[in-house]
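Proteins get letters first, then strands, A, B, ... in listed order; numbering begins at 1 in each. Hydrogens, waters and symmetry mates are skipped; everything else that's a heavy atom, side chains included, is used.
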There are 2 protein chains.
Amino acid sequence: MIFPESIQSLITALERLPGIGPKSASRLAFYLLRAPEDLAQDLSAALANLKSNTAFCAECFNITDAGRERCEICESSKRDAALICVVEEALDVVALERTGGFQGKYHVLQGVLSPIEGVGPDDLKIKQLIERVARGGVSEVIVATNPSMEGDATALYLSQRLEPLGVKVTRLARGLPVGGDLEYADQNTLLRALSGRHEMN
Amino acid sequence: MIFPESIQSLITALERLPGIGPKSASRLAFYLLRAPEDLAQDLSAALANLKSNTAFCAECFNITDAGRERCEICESSKRDAALICVVEEALDVVALERTGGFQGKYHVLQGVLSPIEGVGPDDLKIKQLIERVARGGVSEVIVATNPSMEGDATALYLSQRLEPLGVKVTRLARGLPVGGDLEYADQNTLLRALSGRHEMN
């Protein structure tokens, strides 16, 4: 035993976080030891009630405060309820909100179809999306799952399920990322950028 | 406010950790939200009593369990008390212990001399080291501060302070790291490796 018990248990817990290996965990633990007392305390308090203080919105399944039935966005009358953007997880909502370019509502699937990991349609909030659209008032569903194999498969599945409801289903555009470099773009991205080319006006 | 309050406070606390930016903090927070409940709880518990459960060894100033005066290494009769290895921080003790190649005792300075950051000799455990050596029974002090500008300056200062006590002061060897590539070694390391060359036997 090189470390005292209390530090070892912190390192063990930190190592379980994604992207944090044994060395980073040790470094973080010792940083926390030297940092002003309130950092360790703040973190501890924020973690203690993390799950009990949060809940999922009953409408879009985004994360919201516990005790609230629907999230801020679902409750807002300023957002266009006819436009639903389907994303994989709550972090994607944050990314889209940061752009300020979307004024509709969201639907968080809480994952993506993945036969390899055993995730099927029933493990995601797909049934709830279909029901939501079937209730009417929705004109377009933007499928904003990740531009990955699983994301594409999920998008295809969703469009097949939504089609009978007579709703327009769209997918986010693919091409070169803004500020990117053509030279470093991978083959598939470049192919998509070529086939998706548009007239300059 | 995109995130619920409880998640935002966790993200804010995580962002204060070194090497964790806003994006990593969000990702970690959402990971903790989905991870089995006990991870957030384990982390919270380990952090809550971090400082109250640890103390500094009165002899070498390494970190040890609270309520203990001297650490395991200082108390061990198997370790050679005539050999003291001076390091900057507790993590360096761990690194040296992992090698299994050192059987002496340690002295943790708890920092390094740095005029830029306003760290002088009185801010480190230098006085305690001098006193420890002056008490006698020490034949060699290995100065294992980092091979950096500050580490070298600290080593020089220590050797000047220790010299009058008639103790041998040594410094860790410098050269090419094992498994390293000559092509990628920086100029200073290569110069050191050249000047420190030794006969093959």
Side-chain angles (χ1 to χ4, degrees), chain A residues 1-14 16-20 23-24 26-55 62-66 68 71-73 89-91 93-95 97-98 110-111, chain B residues 1-14 16-20 23-24 26-55 62-66 68 71-73 89-91 93-95 97-98 110-111:
Chain A
M1 254 303 294
I2 302 174
F3 296 114
E5 179 52 33
S6 50
I7 294 186
Q8 190 56 56
S9 66
L10 176 59
I11 293 177
T12 310
L14 285 170
R16 288 163 61 193
L17 293 173
I20 295 187
K23 285 218 170 176
S24 309
S26 307
R27 226 172 289 132
L28 283 175
F30 278 86
Y31 178 83
L32 282 160
L33 201 65
R34 279 172 310 185
E37 173 80 47
D38 62 330
L39 175 52
Q41 295 297 337
D42 287 357
L43 256 182
S44 174
L47 285 162
N49 302 313
L50 183 63
K51 290 209 177 176
S52 56
N53 283 347
T54 51
N62 191 3
I63 282 153
T64 187
D65 294 301
R68 224 181 148 137
C71 71
E72 238 171 284
I73 295 174
E89 48 177 351
L91 272 177
V93 173
V94 180
E97 283 297 290
R98 278 209 193 103
Q110 299 191 351
Chain B
M1 254 304 297
I2 301 175
F3 296 115
E5 178 54 32
S6 51
I7 294 186
Q8 190 56 56
S9 66
L10 176 59
I11 294 176
T12 310
L14 286 170
R16 289 164 60 194
L17 293 173
I20 295 185
K23 284 216 170 176
S24 308
S26 308
R27 226 172 290 133
L28 283 176
F30 278 87
Y31 177 83
L32 281 161
L33 202 64
R34 278 173 309 184
E37 173 81 46
D38 63 329
L39 175 53
Q41 293 298 337
D42 286 357
L43 255 181
S44 173
L47 286 162
N49 302 312
L50 183 63
K51 290 209 178 179
S52 56
N53 282 347
T54 51
N62 191 3
I63 283 155
T64 187
D65 294 301
R68 223 177 149 139
C71 72
E72 238 171 285
I73 296 174
E89 48 177 351
L91 271 177
V93 173
V94 180
E97 283 297 290
R98 278 210 193 104
Q110 297 191 352

### Message
For the CD atom of B:Gln41 and the CG atom of A:Asn49, what is their distance to the nearest 0.5 Å?
### Response
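These two atoms lie 7.5 Å from each other.
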
Pairs of heavy atoms under 4.5 Å with chain B: top-ranked of [options]:
{"options": "A:Ile20, A:Ile11, A:Leu47", "answer": "A:Leu47"}
{"options": "A:Pro18, A:Ala66, A:Ser9", "answer": "A:Pro18"}
{"options": "A:Cys71, A:Ala46, A:Gly19", "answer": "A:Ala46"}

### Message
Pair B:Leu91, A:Ser26 - check side-chain contact (heavy atoms from CB on, under 4.5 Å), show working.
### Response
CA-CA 8 Å; B:Leu91 271 177; A:Ser26 307; 3.6 Å; yes

Sort [X] into side chain, backbone, both or neither according to what part of it lies under 4.5 angstrom from a heavy atom of chain A.
{"X": "B:Leu28", "result": "side chain"}
{"X": "B:Ala35", "result": "backbone"}
{"X": "B:Leu14", "result": "both"}

### Query
Would you say the side chain of B:Arg34 lies within less than 4.5 Å of the side chain of A:Ile63, judging by non-hydrogen atoms?
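When only atoms from C-beta onward are counted, B:Arg34 and A:Ile63 do not touch, as no gap falls below 4.5 Å.
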
### Query
Checking side chain to side chain contact (heavy atoms under 4.5 Å, CB included) against B:Leu50, which of A:Leu43, A:Leu39, A:Ile7 comes through?
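Among the candidates, only A:Ile7 passes.
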
Where on [X] is there a heavy atom nearer than 4.5 Å to chain B: the side chain, the backbone, both, or neither?
{"X": "A:Ala29", "answer": "backbone"}
{"X": "A:Glu89", "answer": "side chain"}
{"X": "A:Ile73", "answer": "neither"}
{"X": "A:Arg27", "answer": "both"}
{"X": "A:Ala95", "answer": "neither"}

### Message
Please identify, among B:Asp42, B:Leu33, B:Asn53, B:Thr54, the residue contributing the most non-hydrogen atom pairs under 4.5 Å to chain A.
### Response
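Looking at each option in turn, the highest pair count goes to B:Leu33.
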
